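So the structure is just underneath, and the comments pick up after that.
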Amino acid sequence: MTTVRPDAPALRMLAEQAFSRAAGAPLVGRNAIRLLRDAGENYPAWLDAIESAHQSVLFENYIVHDDAVGRRFADALAAKARQGARVRVIYDWFGCLGTATRAFWERLRDAGAEVRGFNPPRFDAPLGWLSRNHRKSLCVDDRVAFVSGLCVGQRWVGDPQRGSEPWRDTGVEVRGPAVADVAHAFARAWAETGGSIPPGELPDAAAIAAAGDVELRVLATMPSVAGLYRLDQMIAALARETLWLTDAYFVGTASYVQALREAAMDGVDVRLLVPGASDVPILSPITRSGYRPLLEAGVRVFEWNGPMLHAKTAVTDGRWARVGSSNLNVASWLGNWELDVAADDAAFAQQMQRAYLADLERATEILLVERNRVRCAGTDRARPRWRRAGSGGVTAGAASGGTSGGTSGGTSGARGPRGTRGRGARGSAGQLAAGAIRVGNTFGAAITNRRVLGAAEAKTMALSAIALAAIALVAALWPKVVAWPLGLLAAWSAAALLVRARRLHRAASPPPDESADARR
């Protein structure tokens, strides 16, 4: 019997169809894409685009600081609004809490810009504020768009006088028909905050001239859609040679961690680059508690030695690459509004690979060591601990696939350079929720003994124990301190459910005149 194998074009079509369905985003051709590293390349490009606008500027960002950098962007947007361009701005209510005052936004409104805050607290949704607009995008005149991981603030630029280096981050510039997808993604978020943008003001991809030969997807994810999560799982499953990831707040789910493990055990060069010191300090031990299963499967883990690493990127097999706002945790995958660009282009992917290897020159590899072996609870197996390869970063050989040298630097994360943990530094509520899930998994495993725990999880368990002991002590000595907040939350939730139930009932009931007509 002869086996009929589909030809390469047919396989490619099937792969494209699978990716499109998983991500909920079509592959768009005839584009140009440019890699932009850090604020030094992103901010000037953004400001040049705003200053060159003739018709419209669509700008959304999770955090905007009322500092020298934020005011420069506000001035540029206000100037363009005064010149008659339609300027629309979305900022996230939680992200900008304490970073920009109402007066900051009012100055923009006074200049003629339309400014909306995303998802402020509502009485009928007690926990609705957990879902955030974590996107960072700019779209100008239907001709150029920017998608990145950068917020707007001085910390991305750095402050040499205070010895603070710029944060490490990544963005892209897109030209061509895919710009329309970025604009429509903004329009969906805009409609979530109030009235919609008139359809006539939104671009038609077919009307935008070709700018290059790059095929890409604009991944505009929303809460509970999980498009990027499905796509990330597929990429991990289909990677044949390399899968290199950079993530600011890695808290992988069990299924995604297993996908990375399976890829590594199948011979794929899987690497994960994460911050050495996070602007959300509580997440560092949570992220480290997940190293062991990755390292045991052959995944190479690196910690960035510079200031905060805030980039969210992936590059696979020298062919596929993703840049945007999505972190590898459940907050980004399932809870937030996120925006990424995934390019299916060898030239761009190879550029991303070179940038990744350059980043590894400032990173320290985490290695499993055979000494100080720890006996696994309930088994006869011994498990190696992991350690940092050294404090000076990996060697060039390690960056390109060799083994890094150096002595053990300990397993506790050292603080990064000054400025990494500045005042007011925080991640999104969803990222903290993702960390809480990882803590809950560790706690449950310790209580039920359903899986082997590692030394790296000891700190997480100790912190959980201290927190529980504190709650128990407060509950014993001052029970009202615990009971009153719980009672208030229950009452708030009950009232919110009643309000929503009434609204749904009214929406489903016909108007009184229609009811009378029906009876007649």
Side-chain angles (χ1 to χ4, degrees), residues 8-9 12-13 15-17 19-20 23-38 40-59 135-150 169-187 202-220 228 231 235 242 244 246 311-326 339-356 358:
R12 183 172 176 82
M13 288 179 62
E16 289 178 1
Q17 183 183 66
F19 285 154
S20 295
L27 190 65
V28 180
R30 304 183 301 123
N31 302 285
I33 187 169
R34 180 163 69 111
L35 178 64
L36 300 172
R37 287 170 57 90
D38 301 325
E41 295 181 3
N42 279 273
Y43 286 174
W46 297 5
L47 288 166
D48 287 346
I50 293 171
E51 291 168 3
S52 67
H54 295 290
Q55 298 176 338
S56 68
V57 177
L58 307 177
F59 182 74
R135 298 175 177 180
K136 296 94 177 175
S137 76
L138 170 66
C139 188
V140 175
D141 284 351
D142 308 340
R143 59 181 172 80
V144 61
F146 300 87
V147 175
S148 75
L150 286 84
D169 221 326
T170 304
V172 292
E173 175 190 279
V174 174
R175 295 178 184 268
V179 171
D181 287 351
V182 178
H184 283 269
F186 178 93
L202 292 173
D204 179 3
I208 299 178
D213 57 1
V214 176
E215 295 180 321
L216 56 83
R217 287 181 173 84
V218 176
L219 308 170
L228 183 60
L231 183 63
I235 292 298
T242 60
W244 296 353
T246 300
K312 309 95 166 50
T313 69
V315 57
T316 305
D317 291 343
R319 177 71 196 183
W320 183 92
R322 172 178 64 81
V323 176
S325 68
S326 298
L339 192 68
D340 298 77
V341 168
D344 188 356
D345 182 77
F348 180 71
Q350 289 164 16
Q351 187 180 6
M352 289 282 293
Q353 283 186 326
R354 292 191 294 271
Y356 195 92

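What's counted below: heavy atoms across the whole structure, side chains too, no hydrogens, waters or symmetry copies. What you see is a predicted model; the values in this text were computed from it and never measured.
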By side-chain contact (heavy atoms from CB on, under 4.5 Å) - contacts of [X] (at least two apart):
X: Ala205; result: Pro177, Ala180
X: Ala220; result: Arg135, Ala185, Arg188, Leu339
X: Ala346; result: Arg319, Gln350
X: Ala343; result: Ile33, Val214, Leu216, Phe348

Once side chain to side chain donor-acceptor pair (under 3.5 Å) is applied, do any residues pair with [X], and if so which ones, sequence neighbours excluded?
X: Asp38; answer: Arg168
X: Arg37; answer: Asp359
X: Asn42; answer: none
X: Glu173; answer: Arg34, Arg175

Task: Any side-chain heavy-atom pair of Thr313 and Val323 under 4.5 Å - done: yes

TODO: Would you mind reporting whether Leu138 and Val57 have side-chain heavy atoms less than 4.5 Å apart?
DONE: yes

Please list, chain by chain and in numerical order, all residues satisfying ring pair (Phe, Tyr, Trp, His ring centres under 6.0 Å) with [X], sequence neighbours excluded.
X: Tyr356; result: Trp244
X: Phe19; result: none
X: Phe186; result: Trp190

Open item on the list: Arg322: which residues meet the salt bridge (charged side-chain N to carboxylate O under 4.0 Å, His left out) condition with it, sequence neighbours left out?
Closed with: Asp232, Asp340

TODO: Check for a donor-acceptor pair, side chain of Thr246 on one end and backbone N or O of Lys312 on the other, with a separation under 3.5 Å.
DONE: no

